[in-house]
Protein chains: 2
Amino acid sequence: MNLESASPTGFEATSGLTQKGEQTRARILEAALFLFMERGYDRATMREIARQAGVSLGNAYYYFRSKEHLIQGYYAQSHQDHLQACRDILEHEKNLEDRLRKVLEAKIVTSEPYHQFAGALFKTAADPSSPLSPFSPESQPTRSQATQLMAQVLDGSDVNAPDDLAAELPKLLWLYLMGVILFWIHDRSPGCARTFLLIEHTSRLVAKLIRLARNPLLRPLTHRTLEMLRDFQADDRRLTDSQDSL
Amino acid sequence: MNLESASPTGFEATSGLTQKGEQTRARILEAALFLFMERGYDRATMREIARQAGVSLGNAYYYFRSKEHLIQGYYAQSHQDHLQACRDILEHEKNLEDRLRKVLEAKIVTSEPYHQFAGALFKTAADPSSPLSPFSPESQPTRSQATQLMAQVLDGSDVNAPDDLAAELPKLLWLYLMGVILFWIHDRSPGCARTFLLIEHTSRLVAKLIRLARNPLLRPLTHRTLEMLRDFQADDRRLTDSQDSL
DNA sequence: GTCTATAACCGGATAGAC
DNA sequence: GTCTATCCGGTTATAGAC
């Protein structure tokens, strides 16, 4: 369950840290995630995280600029877990409704251990100026990975959306996923039953809409919507360039 | 620009405070809103707010349980400003597209002075455990007022939605408004031009969808969607009871 | 130059006297 | 209802060890 696996290459282009540094960093991150889960984000103090990791407080701040930055570790881990859980689904399920629903359900299931502190997490992520905002430039790598996953959901399915729509759909589905997560964060029902209900209903609805998109009656509506989306992405081109391997 | 106008009745059913208490409370709130606008939420310290209001730090906490609670004052003010700005629109505009668009635009225009600190504000509001979450029980009064406004947008318009849809639409439009605000908070374009673009496009789209809802092709879709919504509100009935005058 | 530690600072929040 | 004194935890400054 290690997040960092020290690359045994001679140099450390990604981090600029020595092996020992990497290890210390990993220990702090591990301690943080453990304590976040154990008692929630707010009540896990930096002092305690440092102590648990066996380092001083100042040292923890040497590796992580702020408490919030410790959360990035969670993002990465969460997406990896999700990918893992989706492998089977993407391989065997062909029906779009089911693909979509199961992939969304997998996201919630794999995120469940973190539910209690996801609220606090989201609190900081919601601030647009925060590097943790899912819309921030810093999140671009993770965002684009998640979008790719949605593209796979579509590609392997039994539905062939019109080309113009198909080009935008992965991004739209990612946005839909964000909405579901937003709901989940606020969901206090036992076992997050309401979120699963939401997924069940909306995934069917969304899939149906995608199927309907070829219908002549809806074509102008679809067309106008897509035009709008392209408008908005005109300015966003600054970010969509290079890309880490993460 | 006073938020509280001390009711000259003998008793204070709403607040449980004496007149002097009301005044002190109002002074603190006024100082807070002033400083929030002056230098942003984060950099306005409680100590400074207290000093500006001419009270001690502890005293400020006597009236407001936390710094976050001071934000409620902003909510109330913002909605009042919006109502004011909507009066004309609701009275003279009949076309649904235009009503909707103008009401949304009014929300953004009246909120513009607070844009810089709305991010920080939203940050705390996004936490589901916070009383400031727009979905929290504490926000119910404001939420229901805003929903009523949306009902008015529909009622006075030239569109007559099917009954089952009409019953849910105000809430849905309020949710739509929340989405627009979310976008606005993240909008860094000059004059928030992108938000206005978003409103222009989506309000037309939403209005068109409402008009389309009578179409037989879409009826089953609409019906299923509404069923889903009713499902979800089944549990929410605990909150929808009494209501402050605010 | 990379890492680690100690000692402060600052601001939100609370306790308890008056 | 109002104050003062204090706690607590995120964050920073800075000095020194490897």
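Within every chain, numbering begins at 1; the chains are lettered A, B, ... in the order of the sequence lines, protein sequences first and strands thereafter.
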Shortest side-chain distance from B:Tyr61, nucleotide among C:dC3, C:dG12, D:dG9: C:dG12

Using the side-chain heavy atoms of A:Lys20, tell me which of these nucleotides is nearest: D:dG1, C:dT4, D:dT6. C:dT4

By the 4.0 Å heavy-atom rule, please label B:Ser56 as base, sugar-phosphate, or nothing. base

Using the side-chain heavy atoms of A:Asn59, tell me which of these nucleotides is nearest: C:dG11, D:dG10, C:dT4. C:dT4

From CZ of A:Arg47 across to P of D:dT12 the rounded distance in Å is 13 Å

Strictly below 4.0 Å: does A:Thr24 bring a side-chain N or O up to OP1 or OP2 of C:dT4? yes

Please confirm whether the shortest side-chain N or O distance from B:Thr45 to OP1 or OP2 of C:dC10 is below 4.0 Å. no

To the side chain of B:Val55, which of C:dG12, D:dC3, D:dG10 is closest? D:dC3

At what distance, to the nearest 0.5 angstrom, does CG of B:Leu149 lie from NE2 of B:His79? 6.0 Å

Take A:Lys107 and A:Val103 through the side chain to side chain contact (heavy atoms under 4.5 Å, CB included) test and state the conclusion after the steps. CA-CA 6 Å; A:Lys107 183 69 186 180; A:Val103 163; over 6 Å; no

Residue pair A:Asp42/A:Gly58 against DNA chain D: nearer the 5' end by closest nucleotide is A:Asp42

Can you tell me which nucleotide in C:dT14, C:dC3, D:dG1 comes closest to the side chain of A:Tyr63? C:dC3

Going through the distances and angles, do B:Thr202 and B:Tyr176 end up as a side chain to side chain donor-acceptor pair (under 3.5 Å)? CA-CA 9 Å; B:Thr202 55; B:Tyr176 165 46; 2.5 Å; yes

Which whole-number value in Å describes the distance from B:Arg51 CZ to C:dG12 P? 12 Å

Assert yes or no for the condition that the ring centre distance of B:Phe36 to B:Tyr74 is strictly below 6.0 Å. no

Rounded to the nearest angstrom, tell me the gap between atom CG in B:Leu70 and atom P in C:dA13. 10 Å

Take atom CD of A:Gln19 and atom P of D:dC18, then tell me their distance rounded to the nearest Å. 19 Å

Establish, with yes or no, whether the OP1 or OP2 oxygen of C:dC3 is under 4.0 angstrom from a side-chain nitrogen or oxygen of A:Tyr62. yes

Of all the nucleotides listed (C:dG12, D:dG1, D:dG10), which has the minimum atom distance to the side chain of B:Lys67? C:dG12

Return the value, rounded to whole Å, for the distance between atom CE of B:Met46 and atom P of D:dT6. 21 Å

For the pair made of CZ in A:Phe64 and P in D:dT11, what is the distance, rounded to whole Å? 13 Å

CD of A:Glu48 versus P of D:dG10: gap in Å, rounded? 10 Å

Using a cut-off of 4.0 Å on non-hydrogen atoms, how would the nucleic acid contact of A:Ala44 be classed: base, sugar-phosphate, or nothing? sugar-phosphate

Distance under 6.0 Å and angle within 45° of the ring axis: does A:Lys67 meet both against A:Tyr41? yes

Distance in Å, B:Met46 CE paired with B:Ile49 CD1, rounded so as to fall on 0.5 Å steps: 5.5 Å

Check the phosphate of D:dG10 against A:Ser66, side-chain N and O only, distance under 4.0 Å to OP1 or OP2. Yes or no? no

Could you give the CD-to-P distance, from B:Gln23 to D:dG1, as a whole number of Å? 12 Å

